[in-house]
Amino acid sequence: MQLTLWTYEGPPHVGAMRIAASMEGVHYVLHAPQGDTYADLLFTMIERQDRRPPVSYTTFQARDLGGDTATLVKDAVARAFERFQPEVLLVGESCTAELIQDQAGALAVSLALPVPVVPLELPAYSKKENWGAAETLYQLVRSLLKDRVPPPGAARPSRPEGRPPRANILGPTRLGFRCRDDVAEITALLAQLGIEVNAVVPLGATAGDIRRLPDADFNVDLYPEVGRTTAAWLKRCFGMPCTQVVPMGVGATREFVAEVARLAGVDPSPVLGLEHPGRAGLGASASRLPWYSRSVDSTYLTGKRVFIFADATHAIAAARVASEEMGLTVVGLGTYSREFARDVREAAQRYGVEALVTDDYLEVESAIAAASPELVLGTQMERHIAKRLGVACAVISAPIHVQDVPARYSPVLGFEGANVLFDSWVHPLMMGLEEHLLQMFRGDFEFHDGASASHLHAVARPTPAAAFAAEPAAAPAVAGGSEPAWTREGEEELRKIPFFVRGKARRNTERFAAERGMKVITIETLYEAKAHFGR
Amino acid sequence: MSAAPQAVLRDCRETPVLRERGQREVFCGLTGIVWLHRKMQDAFFLVVGSRTCAHLIQSAAGVMIFAEPRFGTAILTDRDLAGIADANDELDRVCATLLERRPDITTLFLVGSCPSEVIKLDLAKAAERLNGRFLPRVRVLSYSGSGIETTFTQGEDNALRALVPSLPRSEERQLLVVGCLADVVEDQFRRCFDALGIGPVRFLPARRAADLPAVGPGTLLLAAQPFVGETVRALVARGARLLASPYPFGAEGTTAWLTTAAQSFGVPAERVRTVLAPLEERARASLARYRDVLAGRRLFLMPDSQLELPLARFLNREMGMELVEVGTPYLDRMMVGEELPLLPAGVTLSEGQDVERQLERVRAAQPDITVCGLGLANPLEAEGLTTKWSIELVFTPIHGYDQCGDLAEVFARPLDRRRRLAL
């Protein structure tokens, strides 16, 4: 049993819903009690979908349990088929139905409907949403393509002369982060290289699109959390190669272009010819990020402390952009995607931090507080955490909120995506200059620590006096014990340090003093510690 | 007009109820935790369930704003399903950790879910066991909020019913108002009862779960919500008597509700009039602004909170709306006996839901406004229909005279918006 106050991912059947809701002509019958229909609102409210997700629920009740819930399943499947006339039916169970073991999938198959029926087994007590999405996509693709799998060892037919190379885009889903615009951006990027998109799966795909997957020359695994299992199967069974690079940020996009050009056997220069790594100015890239980041007014970004927590793909990519393309310092990197923990740990090593792999947001919150970042990149939950801590924040990953589905074109992948990242990460920090001014004028009576920066929501921050008292104060000088005590002058000097790094300064100074057996902390101790630890 | 037999023909007591069975687009009883925990600020609600339960509550309430909310889910894992003994130990461990972390909690509700009920995890027994360990600091109670047993607001009914055995006994003549009310509304009603000379008045639930009202043969029950039937039955079993009344929605409903109490306490009619008339007048004035927007508009209420009948009565009688269909997830005649006669004859009453068939009726009727859940609102808007999310009716204060205007505005706003947009 795991005590959970809030969860980053829903249960695996919600992942299956994301696949069904992303596609056309697919219907999902879910053996589930009343209440599980709540998941519909994720699609209709967060994503403002103008149609219900294509899901029918059997809605069994306690009084059905002793009786014939199997008939309920068969009836629901038959009715859903008749009403919605899908090209493919997915049939599965939510957590409760899994316990009563009706084998909903097998029951549905036994109805011998004239369309493919894909039974889903998604263990609700050990797996989560992204796994459920990946598994559902895999089962669906496998089921629709099983009669097309060539015999083992068969050579992959080479691309006919004159036919442009084709790629599939795998992984974009409803409730994913900015998938709608990422697909448009990457499709345009591939077109620049003369590569056609054969199928985008699952977002907007039909069963026919899935049947056509092997017609492409290679796969672009845009969102490995959802696409990797399917991409691996297509590679195994159809010999289709797959991209490894996720094109988030300028450097990664350039690498992605080189990778797809190699996989497609085309010349990358229509795109890479316009890219000039190492050169300054607006002409250096199709993205404005490289020049904007080099421009002098970005110097204040240098070494800003950034904490990143997201799904694995966006977390790893964001760390690279933050570090290599914005000149920030990564002080924390983590993910809730346990399936990809190894990838995130490897990435964290590059930044000299220890990866935080957890789905407990309280643990994330205390890690953020301890790292004293100036910018948090995360999910909606990290946005709330950052708001509570009074730190700037940008959202980079699902789970999403209605505001992460903007009306405007706003990809995060490709060259335009890099522009979007620059703006959406830098603006909260730029506004942070106001904080700087607050510090400069802190002695003036109009200003105090309790005054929120105008770009942050009105945070009920305590007044300066209260904040001072409320900080986990060191023992007063009169108190006994072995902890070093702050002198009044030391405390006053500490207050002059910007509040967002003050906690860190306090802890470092206390540690410094304690390690040296100092009894009191003076102004001098504070600056000695500062010199010792750096910022 | 005053002839009684005619009144019988005109109302809808005898209207057959369309009973439906199928897919329900209604939350389960766990959702009640969202408002119950806000009302009882010393209580923690621990759902014993699955990741789905946790995801449901956070999605229904959009609850990412709290640093550390007073509700959570003990998520069952494969390990717990292997054997019940293990699950009980695990539950004890989770509760101990939780209570250690939250010394502010005086009442812990263990909330049963679909999975905990299917595996027959006995939460009543668990509560008993935990009480042996944590009383008197913390009282542990249990109830079911599962979707296989409860629909939406029945969760609150079960939670309140779970409190009943713990209520001290009292012979005292008192009024007990049953059902969660926003604090502001509770205060307004308290002032009304004071002015009427009715007292003592107690509320279930109280603002602190630890402040349990007493109950006994002198207790008169006034239900503030139509969905607290099981709680009322449990209180009646402890000697209390139910005062049947229309519910305090709208000026008329509020007057009827307060008058019911006043009559039972022998308050002279003249005093009732003197106290309530100015309040009712102010309420009617607040409604007048929205009457033009709502009068003659056709209303379709999909089943959701069991508030549908009293709301339909208010919107029909006081705002002049036409009722196309009034759906309710569950029709408890004991609780709505005074509402049914106030509904116009000919209205379609439906109980339960087959959402696809009901949507066919919505499309056929093309109502001016459809009250429905969040999963249906945007899709219906996309079909050109105007909708109102039903969940707002349980999350915002709508009871009593001074919320009449707010209640009417909830229904007028979507129509107003539709009128403003030149798109």
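First the proteins, then the strands, lettered A, B, ... as listed; each starts at 1.
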Practice item. Report yes or no: do A/Q2 and B/T77 form a side-chain donor-acceptor pair below 3.5 Å? Key: no

Review point. So, A/T37 and B/R24: side-chain donor and acceptor under 3.5 Å apart, yes or no?
Key: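 B/R24 and A/T37 do not have a side-chain donor-acceptor pair below 3.5 Å.
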
What's the spacing between [X] [atom1] and [Y] [atom2] if we round to 0.5 Å?
X	Y	atom1	atom2	answer
B/Q353	A/T59	CD	OG1	8.5 Å
B/C53	A/Y38	SG	OH	8.5 Å
B/H55	A/L42	NE2	CG	5.5 Å
A/Y8	B/Q58	OH	CD	10.5 Å
A/E129	B/T52	CD	OG1	10.5 Å
B/E25	A/R52	CD	CZ	5.5 Å

Tell me whether the count of non-hydrogen atoms from other residues, nucleotides or ligands lying under 6.0 Å of [atom1] in [X] goes above 12.
X	atom1	value
B/W389	CH2	no
B/Q41	CD	yes
A/Q85	CD	yes
A/E82	CD	no

Which answer fits [X], side chain, backbone, both or neither, if we ask what part of it has an atom under 4.5 Å from a heavy atom of chain B?
X	value
A/S94	neither
A/V55	backbone
A/E98	neither
A/D36	side chain

Review point. Thinking salt bridges, do B/R21 and A/D64 make one under a 4.0 Å N-O criterion?
Key: yes

Side-chain heavy-atom pair [X], [Y] within 4.5 angstrom cut-off:
X	Y	answer
B/E149	A/Q61	no
A/Q49	B/P379	no
B/R79	A/Y125	no
B/L81	A/L99	yes
A/W6	B/P69	no
B/V48	A/M1	yes

Tell me, for [X] versus chain A, whether the close heavy atoms (under 4.5 Å) come from the side chain, the backbone, both or neither.
X	answer
B/V355	side chain
B/V26	both
B/E356	both
B/L359	side chain
B/L30	neither
B/F44	side chain
B/S146	neither

Of all heavy-atom pairs between [X] and [Y], which one has the smallest distance, and what is that distance?
X	Y	result
B/I148	A/P33	CG2-CB, 3.6 Å
A/T7	B/A54	CG2-CB, 4.0 Å
B/C114	A/T96	CB-OG1, 3.0 Å
A/S126	B/D78	CB-OD2, 3.2 Å

Review point. Where do B/F27 and A/Q34 land on the side chain to side chain contact (heavy atoms under 4.5 Å, CB included) test, with the steps shown first?
Key: CA-CA 7 Å; B/F27 290 133; A/Q34 170 174 354; over 6 Å; no

Practice item. Mind ranking A/R79, A/K128, A/R83 by heavy-atom pairs under 4.5 Å with chain B and telling me who comes out on top? Key: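 The option with the most such pairs is A/R83.
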
Exercise for review: Select, from A/D75, A/D50, A/T58, the one with the greatest count of heavy-atom pairs under 4.5 Å involving chain B.
Suggested key: A/D50

Study note, to complete from the structure: Counting heavy-atom pairs under 4.5 Å with chain A, the top scorer among B/C28, B/G375, B/A382 is B/G375

Check your understanding: Which residue out of B/G29, B/S50, B/P115 racks up the most heavy-atom pairs below 4.5 Å with chain A?
Key ->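 If we count pairs closer than 4.5 Å to chain A, B/P115 comes out on top.
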
Exercise for review: Kindly say whether A/T44 contributes a backbone atom to a donor-acceptor pair with the side chain of B/N378 at under 3.5 angstrom?
Suggested key: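 Looks like yes, one N/O pair under 3.5 Å.
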
Review point. Under the criterion side-chain contact (heavy atoms from CB on, under 4.5 Å), which of B/I75, B/L98, B/T73 is the partner of A/L3?
Key: B/L98

Review point. After noting the C-alpha distance and the side-chain angles of B/Q23 and A/S56, does the key distance pass the side chain to side chain contact (heavy atoms under 4.5 Å, CB included) rule?
Key: CA-CA 7 Å; B/Q23 177 175 325; A/S56 297; 3.8 Å; yes

